[in-house]
Protein chains: 2
Amino acid sequence: MTRPKLIDVAKKAGVSATTVSRVINNYGYLSEKTKSKVFAAMEELNYQPNSLARSLHGKATKLIGVIFPTITNPFFAELIEEIEKACFADDYKLILCDAGYNAQKEKNYLKMLQANQVDGIIAGTHNLGIEDYNKSGLPIVAFDRNLSDQVPIVSCDNFSGGRLATSELYQAGCRHIFFLGSANVANNLHPTNSRLEGYLDFIDSVGLTRHVHSVAYSESAAVKKAIIKEILQKHTVDGIVCTDDLTALLVIQISQQMGLQVPQDVKVVGFDGTNFLQTYHPELTTIAQPIPEIAKLLVTLLQERINDPHQPLKQKRYELPVKVIRSTTSM
Amino acid sequence: MTRPKLIDVAKKAGVSATTVSRVINNYGYLSEKTKSKVFAAMEELNYQPNSLARSLHGKATKLIGVIFPTITNPFFAELIEEIEKACFADDYKLILCDAGYNAQKEKNYLKMLQANQVDGIIAGTHNLGIEDYNKSGLPIVAFDRNLSDQVPIVSCDNFSGGRLATSELYQAGCRHIFFLGSANVANNLHPTNSRLEGYLDFIDSVGLTRHVHSVAYSESAAVKKAIIKEILQKHTVDGIVCTDDLTALLVIQISQQMGLQVPQDVKVVGFDGTNFLQTYHPELTTIAQPIPEIAKLLVTLLQERINDPHQPLKQKRYELPVKVIRSTTSM
DNA sequence: TTGTAGGCGTTATCAC
DNA sequence: GTGATAACGCCTACAA
């Protein structure tokens, strides 16, 4: 029992293949009778048009590739889930490309996406250079990363976020405020570095001392814990700006293990503000990214690129506002 | 600058299309000279074979659909990520079908997957009935759900897990042990119900009183919190078996809000044991599912179905062992 | 309002 | 060893 094709439907409905195709695509003139006959036949055979054959004709595949480092981080999970919702509404299917922190894997995925004729790509990784993406020749939008002049970037307002986090701690009385997280000052390709800049800007503006401790985002939790422990042991710290919520959780965890009281001895601010963290860690003060808005914008921009790939970018960079989620427990 | 095709490579290499195809598929006799000429041309043009056209010819699409309720739950996220790894190793790409708890959405995704000629499906939802899946005519394997006689089920040993969780609490001295989570005794389609059976089995074996409180898995955290609060207020409780770790976190959260000490006043055991929870909540005792093994088995079984769709199932049900992850803090 | 014919990019079956 | 050529399932001028 092989999958039925257009011609089977046509035979069953007693019409030609063309007519069936017209019904499917709602194209040209058709009598109501014919339509219903065809629909009935399709129903009866549980017919699904072969999307491969349609796309071979230049029709869109309605497939888009989403390249992110992982889905096990609640932030990415929620972002991808929102992207999925926005896409589903427009009949786009997602090919999930979990690239890890692995350039080779990302490269392979890029090739596969090309081979599968995806209509476009949403990229949220930082493994590959511009060239590979340019070579693909596909419409692309990027989350939180600078790919090339032809690729629009969507991110939250990282600078304000970093500044805001620092100012929250300052206002809560902290005077020894540390910055902990991914910061690669040498690499201006990464908008996330603006979080550090926001921190520095505020620290300088109130005349405090800068304390920057950098840990790669991709680093294991075990390493992060060790770094946190070292910071807390060796320095006078009363506030920590973390560049993501999970790192903030680790800070709280380690502090407690060391007998430090949060927020009495040390206060913590996170970054991202996922639903997950708001639900399971309402005690954490954090800078929330507008995840659904980011997702919608990414999808909208990608659709524009898909519909008109050669139009110059109206805008290269989109920064969406962050907001503080305050809790009295971590601060 | 349109994407190059087979014929372009052929021209550039000075050979026929057939030869190029042979090189790509490593098929038939070919001189080394020809091969290298063709490879060079492919490289130069950054040629990617159009996978649509190949599949139209009967070749596998190397696409598989994964249907799960969400990726924002760390358990599903980690399971899907492990599935992705196993698939990537065999050149399979994943179409992510985030079906929520929505039968209609799942139905639509099923149709799309058919239309896209996926090679197979891994299903982990509980929205749709057997018929819809049978109609699809696609090779399917299911996670933790009974779909039909033709669909193999992989799950962890839920019964032992439920029993183990209960016995852990008992051994820690609890005598008023409650069961909290998804349990639909009327519906034996759901292997997860075995967790309840394991609980009941142990409770009966030691002569304690059964206390079963059922909350749908799909219920919001807010509702779950309200239910937990009610249980803790109205009953004498010294131990709670939760059917998933996130619910267990809520129990701890609510207990603390109510001034109850965990584990002195009430002890909690979770279920799932993701890396995420082990990292960010090492204090939680839980029954861990063997996520990587489940993922690998799902993919292996699916590949068998794909390669030989009509072979009767060697085995219908696969139950992988669980293990306790003990912590002294939640118990 | 409906049907015929050619083609999308690739593979496979023939010949040469 | 290599090259024509007919499919694969569908879409779309062009006819009728």
Side-chain angles (χ1 to χ4, degrees), chain A residues 1-39 41-42 45-63 111-119 137, chain B residues 1-39 41-42 45-63 111-119 137:
Chain A
M1 202 196 76
T2 168
R3 217 187 295 306
K5 22 197 201 182
L6 194 69
I7 197 80
D8 300 321
V9 178
K11 278 178 191 157
K12 170 138 294 193
V15 299
S16 78
T18 313
T19 304
V20 177
S21 175
R22 283 212 177 92
V23 172
I24 291 169
N25 296 290
N26 194 25
Y27 170 80
Y29 301 98
L30 294 163
S31 74
E32 281 306 319
K33 263 175 289 182
T34 312
K35 271 198 208 172
S36 45
K37 268 195 303 185
V38 172
F39 279 131
M42 291 190 352
L45 296 173
N46 188 230
Y47 170 75
Q48 285 299 128
N50 183 332
S51 118
L52 269 43
R54 330 183 67 185
S55 303
L56 196 49
H57 263 269
K59 283 222 181 292
T61 54
K62 286 290 187 176
L63 239 25
K111 279 190 193 162
M112 289 183 184
L113 293 176
Q114 270 185 271
N116 282 285
Q117 314 289 118
V118 297
D119 294 342
Chain B
M1 203 194 78
T2 167
R3 219 187 296 305
K5 25 197 196 181
L6 193 69
I7 196 77
D8 300 323
V9 178
K11 279 178 192 155
K12 171 140 295 196
V15 296
S16 77
T18 312
T19 304
V20 177
S21 175
R22 282 207 178 95
V23 172
I24 291 169
N25 297 288
N26 194 27
Y27 171 81
Y29 301 98
L30 294 163
S31 74
E32 283 306 321
K33 263 176 287 179
T34 311
K35 273 198 208 172
S36 45
K37 267 194 304 184
V38 171
F39 280 130
M42 292 189 350
L45 296 172
N46 188 229
Y47 169 75
Q48 284 302 126
N50 183 331
S51 119
L52 269 45
R54 329 182 70 186
S55 303
L56 190 52
H57 215 87
K59 283 228 183 289
T61 54
K62 287 292 189 172
L63 238 27
K111 279 190 196 161
M112 289 182 185
L113 292 177
Q114 271 185 269
N116 282 285
Q117 314 291 114
V118 296
D119 293 341

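On a predicted model such as this, the values are computed, not experimentally measured, just so you know. Proteins get letters first, then strands, A, B, ... in listed order; numbering begins at 1 in each.
No donor-acceptor contact under 3.5 angstrom links the side chains of A:N50 and A:R3, judged on distance only. Between A:S16 and A:T19, the side chains place a donor N or O and an acceptor N or O closer than 3.5 Å (distance only, hydrogens not considered).
In this structure, the CD1 atom of A:I7 is 13 Å from the P atom of C:dA5, given to the nearest Å. When rounded to the nearest whole Å, the span between CD1 of B:I24 and C1' of C:dG9 equals 10 Å. Separating the CD atom of B:Q48 from the P atom of C:dT10 is a distance of 11 Å, rounded to the nearest angstrom. The nearest whole Å value for the distance from the NE2 atom in B:H57 to the P atom in D:dT5 is 16 Å. To the nearest angstrom, P of C:dC8 lies 6 Å from NZ of B:K5. Summarising the geometry, the separation between CG on B:L52 and P on C:dC8 is reported as 15 Å, rounded to the nearest angstrom. Atom NZ in B:K33 sits roughly 9 Å away from atom P in D:dT2 (whole-Å rounding). The distance from atom CG of B:N116 to atom C1' of D:dC10 is 14 Å, rounded to the nearest whole Å.
At D:dT2, none of the side-chain N or O atoms of B:T19 fall inside 4.0 Å of OP1 or OP2 (strictly under the cut-off). Side-chain N/O atoms of B:N50 include none lying less than 4.0 angstrom from OP1 or OP2 on C:dC8. The side chain of A:S55 contributes no N or O atom lying less than 4.0 Å from OP1 or OP2 of D:dC10. At the phosphate of D:dC8, neither OP1 nor OP2 sits under 4.0 Å from any side-chain N or O atom of B:K59. Of the side-chain N and O atoms in B:R54, one or more sit less than 4.0 angstrom from OP1 or OP2 of C:dT11.
In the set C:dT11, C:dG3, D:dG9, the nucleotide with an atom closest to the side chain of A:S16 is C:dG3. Between C:dT11, C:dG9, C:dT13, one nucleotide has an atom nearer to the side chain of B:Y27 than all others, and that is C:dT13.
Residue B:S31 is in sugar-phosphate contact alone, with no base atom involved, counting any heavy-atom pair closer than 4.0 Å across all strands shown. B:T34 comes within contact range of the sugar-phosphate backbone alone, with a heavy-atom separation under 4.0 Å but no base atom that close. Across all strands shown, B:L6 has heavy atoms under 4.0 Å from base atoms, whether or not it also approaches the sugar-phosphate.
Residue A:T18 places a side-chain atom within donor-acceptor reach of the base of C:dT4, judged by atom type and a 3.5 Å distance cut-off alone. Between the base of D:dG9 and the side chain of A:R3 there is no donor-acceptor pair shorter than 3.5 Å.
A heavy-atom distance below 4.5 Å is found between the side chains of B:I24 and B:M42. In this structure, A:N116 and A:T61 have side chains that are not in contact, with every pair of non-hydrogen atoms separated by 4.5 Å or more.
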Please tabulate, one pair per line, all N/O donor-acceptor pairs under 3.5 Å involving side-chain atoms of residues 7-15 of chain A, not counting sequence neighbours.
residue : atom : partner : partner atom : Å
A:D8    : OD2  : A:K5    : N            : 2.8
A:K12   : NZ   : A:E44   : OE2          : 3.4

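Residue A:K62 places its NZ atom among more than 12 non-hydrogen atoms of other residues, nucleotides or ligands, all under 6.0 Å distant.
In this structure, B:Y47 and A:V15 both approach DNA chain C, and ranking their closest nucleotides by distance from the 5' end singles out A:V15. For A:S21 and B:R22, each mapped to the nucleotide of DNA chain D holding its nearest heavy atom, the one lying further toward the 5' end belongs to B:R22.
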